[in-house]
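Values below: all heavy atoms of this structure, side chains included; hydrogens, waters and symmetry mates excluded.
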Amino acid sequence: MTEEIEQVAQRYARYTAIGAVMIAMLWHTGYDLTVTITGWYDFRWPVVAAAAWLLYTAIAVLAAVALLRTSSGPARGRELAVPVLALDIAVIVACYPKDLIGPINWGWGSVGWLGVMLLWNRPRGRGELFVFLAANAGIMLAAMAATGTLDRVSIAKYLMVEVGSITLQLGYLAGCHTLRVRAEDAVLLARRLAADDAWRVSAQRIHADRLRRYDAIRDVAESLLKQLADGADPGDPRVRADCTAGAMRLRRLITEREDVPDALVSALRERIDAAERRQVLVTAPPFGENLPDLPEGVREDLLRAPLRALDGARSRARVTVSAMSTMMSVAVVADNDDLPISTTPVHEPSGVVVTYQRQGGELWVNSIWQGP
C-alpha cells in the first residue's frame, strides 16, 4: 500500500509541477516578451529590460529542467531566488517613474511564478515562498515610495496586481497540494474497500467450507451407522475396511481448518475428497496455515505432479504440505504404478523442482519451491 501511495504522490507531483512550468513559461513568453518588444521605446533603458528578460528565461529553464526530472525545484532554489528579486529591481530601474505601474513593468507581477518554480516541493518551500512573495511586494512598494507614486490610483493598481498574482500563485500551490492529498486518500480508501471485499469473500468461502465439511462428516457417519444398523457384521473385512476409511476421513474432516482460504489448499482438498470417494485411504495431516505468497505459476507447478500421483492411487495415499516463509513443498506417497516418473529432478520454469522415487510398490512425489 505504501508503494502505491508513493506512486500516486509522485504522479501528481510530476504533473502539477509540469502545470507550474507551463504557466510560468507561457506567461513569460506570452506577456513579458510581448510588452518588452511593444514597449521598447517606452523604457528608459530597454537593454536592461531585455537583459532581465533573458536572465529570467535562463533561470526558468534551469528550474523547469529540475521540475521535469525530479518534480522538485532545483537544489539551489533558495540561492537563485535572490537574483530573481534582482531581476524585479532591474525592470523597475529600466522604467520611467510614470510607467512604474504601467504594463511594461512586467517584473513585479511575473517573478512570483518563477519563485513558485524554484521553491516547488522543496523542504520548507511554502514558507520560503511566502517570504519571497512578500519581498517582491515590498520591493515594488519601496520603488513607488521612492518615486512618489503613492496616489490613490497607483495604490489601487498595486493592490490589484499584488493580490491577484499572489492569490493565483499561492492558490495554485495550495490546490496542487490538496489534489495530491486527496489522491492519496483515495488510494487508501480503495485499498480499505478492497480489503473489506476480500474479507467478505473470505468469510463466505470459510462458511461454505464449513458447511461442506459438516455435510461430509454427516454422510460418512450416516453411511457407517446405517450399515451397522442394517446388520452388517463388524468382523467382515469389507465392513472393517469401510469403517477404517470412514474413521480416517472423519478425523481429517474434523481436524482440517481454513481460516484463510488458499487456492492450493482448496485444490488439494478437492482431490483428496475425490480420492476418498473412490475408497482410497488418504492420510492428510492438517495444513493450510502460514502458507507463503506464491509467484504466478508456482502453485500450478507445485500441484501438477503430486495430484497426478494422488489421482492414480489404488487404495492408499498420504499427502503432506510443508511451508516456511520462502519455501513450500507438496508431497504425495501413493500406491500408484501407472504414473511415468523421471529418474532425475525435474526443474519447472517457475523454479519448482519435482523429484520422484518408486520403492516397494509405492510412489513418492515431492514438489518443492524455494523463494529468493
Mark yes when over 12 heavy atoms from residues, nucleotides or ligands other than [X] sit less than 6.0 Å from its [atom1]; otherwise mark no.
X      : atom1 : result
Arg69  : CZ    : no
Met22  : CE    : no
Trp369 : CH2   : yes
Asp196 : CG    : yes

So, the side chain of [X] versus the backbone of [Y]: is there a donor-acceptor pair under 3.5 Å, distance only?
X      : Y      : answer
Tyr158 : Leu150 : no
Arg316 : Thr283 : no
Ser367 : Leu302 : yes
Asn336 : Leu363 : no
Asn366 : Thr355 : no

For [X], what residues pass the salt bridge (Lys or Arg N to Asp or Glu O under 4.0 Å) criterion, not counting sequence neighbours?
X      : value
Lys226 : Asp230
Asp311 : Arg271
Asp99  : none
Arg182 : Asp185

Please report the interatomic distance [atom1]([X]) to [atom2]([Y]), rounded to the nearest 0.5 Å.
X      : Y      : atom1 : atom2 : result
Leu26  : Asp32  : CG    : CG    : 11.5 Å
Glu362 : Arg314 : CD    : CZ    : 9.5 Å
Leu281 : Arg318 : CG    : CZ    : 13.0 Å
Leu307 : Ile272 : CG    : CD1   : 9.0 Å
Ile341 : Asp338 : CD1   : CG    : 12.5 Å
Leu119 : Arg124 : CG    : CZ    : 11.0 Å

(request) Verify side chain to side chain contact (heavy atoms under 4.5 Å, CB included) between Leu100 and Ile92, making sure each step is shown before the conclusion. (result) CA-CA 7 Å; Leu100 200 61; Ile92 291 173; 3.5 Å; yes
(message) Using the side chain to side chain contact (heavy atoms under 4.5 Å, CB included) definition, which of the options Val91, Leu33, Thr34 pairs with Trp106?
(response) Val91
Are side-chain heavy atoms of [X] and [Y] found at a separation under 4.5 Å?
X      : Y      : value
Met328 : Val298 : no
Asn136 : Leu85  : yes
Phe132 : Val84  : yes
Val319 : Val282 : yes

Applying side-chain contact (heavy atoms from CB on, under 4.5 Å), name anything that partners [X], two or more places apart in sequence or on another chain.
X      : answer
Pro103 : Tyr31
Leu170 : Leu129, Phe130, Leu133, Ile166
Arg299 : Ala263, Leu264, Leu294, Leu303

Residues 39-62 side chain polar contacts: donor-acceptor under 3.5 Å, at least two apart:
residue : atom : partner : partner atom : Å
Arg44   : NH2  : Val93   : O            : 3.1
Arg44   : NH2  : Cys95   : O            : 3.3
Trp53   : NE1  : His28   : O            : 3.2
Trp53   : NE1  : His28   : NE2          : 3.1
Tyr56   : OH   : Ser110  : O            : 3.0
Tyr56   : OH   : Ser110  : OG           : 3.2
Thr57   : OG1  : His28   : NE2          : 2.9
Thr57   : OG1  : Trp53   : O            : 2.8

(request) Considering non-hydrogen atoms only, spot the tightest contact between Pro345 and Val353 and give its length. (result) CB-CG1, 3.9 Å
(request) Determine the minimum heavy-atom distance between Ala305 and Val365, stating which atoms define it. (result) CB-CG1, 3.7 Å
(message) Strictly by side-chain hydrogen bond (donor to acceptor under 3.5 Å, both in side chains), give each pair with a member in residues 73-92 just once, sequence neighbours left out.
(response) Arg78-Glu128
(message) Strictly by side-chain hydrogen bond (donor to acceptor under 3.5 Å, both in side chains), give each pair with a member in residues 138-156 just once, sequence neighbours left out.
(response) Thr147-Thr149, Asp151-Ser154
(request) Using the test side chain to side chain donor-acceptor pair (under 3.5 Å), find all partners of Ser315 that sit at least two apart in sequence or belong to another chain. (result) Asp335
(message) Membership question, hydrophobic clusters at under 4.5 Å side-chain separation (ILVMFWY): are Val35 and Val111 in the same one?
(response) yes
(request) Establish whether Val116 and Trp27 are linked, either directly or via other cluster members, by ILVMFWY side-chain heavy-atom contacts under 4.5 Å. (result) yes
(request) Kindly write out the residues that satisfy ring pair (Phe, Tyr, Trp, His ring centres under 6.0 Å) with Tyr356, not counting sequence neighbours, or none if the list is empty. (result) none
(request) Kindly determine whether Val265 and Val321 satisfy side chain to side chain contact (heavy atoms under 4.5 Å, CB included), including the steps that lead there. (result) CA-CA 9 Å; Val265 173; Val321 176; 5.9 Å; no
